[in-house]
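In what follows, a single structure is set out as structure tokens and then discussed.
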Amino acid sequence: MARFVWDSKMSVSVQKFDDSHKKLVDMVNELDDAMRAGKGKDVMEKILGGLVSYTATHFGDEEKLMLGHKYAGYIAHKAEHDALVKKVVQFQGDFHNGKIAMSVEVMQFLKDWLVNHIMGTDKKYGPFLNNLGVK
Ligand code: FEO
């Protein structure tokens with residue numbers, strides 16, 4: 001996988017969420033580096049666990065802000081979060097049980113998962129929240 005780089009096209013116009021997206025990008029890169037370096041399963045699981053946990057925290061932060069500002073897209077956005085978490089937790093379990101290996105395809109899946117959600121769904125709340133003074 002080519003190095004995953006956050007760029008301004010991915011900005012959602014809310015600084016703290018741009019910061020958490022950058023951290024998620026860093027975590028995916030960390031996992032990719034560990035895979036390429038042939039790190040052991042315990043190391044990979046630790047990084048993956050951190051990614052899953054940070055993702056859940058980040059999703060919760062977005063949901064709280066959207067809900068607090070009565071964002072009309074909240075329900076659809078939360079449903080997407082829930083589906084994404086379910087998928088990655090499923091992957092985490094399969095990896096733990098040895099049903100699936102960490103691979104370039106998996107890394108690409110994680111990258112697409114993040115980029116598509118940020119670009120397709122997160123970006124929509126930016127103008128709405130900005131109008132309410134959230135930047
Ligand atoms: Fe940044 Fe909706 O996740």
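Just the heavy atoms: all of them, side chains too, but no hydrogens, waters or symmetry mates, feed the values below. Whatever order the structure lists ligands and atoms in, that order sets their numbers, starting from 1.
Salt-bridge annotation for D26 and K22: absent, with no side-chain N of the basic residue lying under 4.0 Å from a carboxylate O of the acidic one. A salt bridge is absent between K46 and D42; no separation between the charged side-chain nitrogens and carboxylate oxygens falls under 4.0 Å.
There is no side-chain donor-acceptor pair under 3.5 Å between E63 and Y74.
Computed with atom 1 (Fe) of ligand 1 at the centre, the E62 OE2 to H21 NE2 angle is 100°, stated to 10 degrees. Geometry at atom 2 (Fe) of ligand 1: NE2/H117 and NE2/H77 form an angle of 90°, nearest 10 degrees.
No more than 12 heavy atoms of other residues, nucleotides or ligands lie within 6.0 Å of NZ in K87, so this atom counts as exposed by the packing criterion.
Between atom 2 (Fe) of ligand 1 and D122 there is an N/O/S contact shorter than 2.8 Å.
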